[in-house]
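Here's the structure we're looking at; comments come further down.
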Amino acid sequence: VQLQASGGGLVQAGGSLRLSCAASGRTFTGYTMGWFRQAPGKEREFVAAISWYVSWSSSTNYADSVKGRFTISRDNDKNTVYLQMNSLKPEDTAVYYCAQGRVGIIPSDPRGPWSWGQGTQVTVSS
């Protein structure tokens, strides 16, 4: 699978950004798509994930730090997953990565057997 993330940028605190992750080579059904982030000097951490057990049903998971502010969603026709980020805070500043893993992977564990895309920088100014 090839994953292409985009949509990062510079935004003021309280603002919004939408990240996109276009996947090629695999469908989403039977896979988990995740968003992770890594700030300078910190380990990569889980942000959000969406899993498809069957094509018409999915489940989502969020890190506590982003619940209520971030929303992960998909567009099957475009084979793209989105991360809508609202009420951004300076502590959300990081390189954001999208990743794909088989359903059953632990969504919140960045050490799992994920296939990674390149990152996109998100910078939130105070």
[Y] side chain reached by [X] side chain, heavy atoms, under 4.5 Å:
X: V122; Y: M85; answer: yes
X: M33; Y: C21; answer: yes
X: I50; Y: Y62; answer: no
X: T123; Y: V11; answer: no

Shared ILVMFWY cluster between [X] and [Y], side chains joined below 4.5 angstrom?
X: V1; Y: Y82; result: no
X: Y96; Y: V66; result: yes
X: V124; Y: V47; result: yes

Show the nearest heavy-atom pair for residues [X] and [Y], with the distance to one decimal.
X: T32; Y: S51; answer: OG1-OG, 2.7 Å
X: S126; Y: A13; answer: CA-CB, 4.4 Å
X: S20; Y: W35; answer: O-CH2, 3.6 Å

Using distance only, find each side-chain donor-acceptor pair of residues 103-113 under 3.5 Å and give its atom names and separation, not counting sequence neighbours.
unit_1	atom_1	unit_2	atom_2	d
D109	OD1	R111	N	2.9
D109	OD1	R111	NE	3.0

Please check this pair: side chain of Q100 against backbone of L3, looking for a donor-acceptor N/O pair closer than 3.5 Å.
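Absent.
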Donor-acceptor pair, side chain of T80 and main chain of K78, under 3.5 angstrom:
yes
Tell me yes or no: between the side chains of N86 and S16, is some donor less than 3.5 Å from an acceptor?
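Yes, S16 and N86 have a side-chain donor paired with an acceptor closer than 3.5 Å.
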CZ-CD distance between F70 and Q84, expressed to the nearest 0.5 angstrom
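If we round to the nearest 0.5 Å, F70:CZ and Q84:CD are 9.5 Å apart.
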If you measure from OG on S87 to CZ on R69, what distance do you get to the nearest 0.5 Å?
7.0 Å
Establish, yes or no, whether the cationic atom of R37 lies under 6.0 Å from the six-membered ring centre of Y97 and within 45° of the ring axis.
no
With L83 as reference, evaluate L19, L17, T120 under the side chain to side chain contact (heavy atoms under 4.5 Å, CB included) test and give the passing residue.
L19
Is the shortest distance from a Lys or Arg side-chain nitrogen in D92 or K89 to a carboxylate oxygen in the other one below 4.0 Å?
no
Tell me if the centroids of the rings in W116 and F36 come within less than 6.0 Å of each other.
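Yes, close enough.
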Does atom CD of Q2 have more than 12 heavy-atom neighbours, drawn from other residues, nucleotides or ligands, at distances under 6.0 Å?
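Open: at most 12 neighbouring heavy atoms sit under 6.0 Å from CD of Q2.
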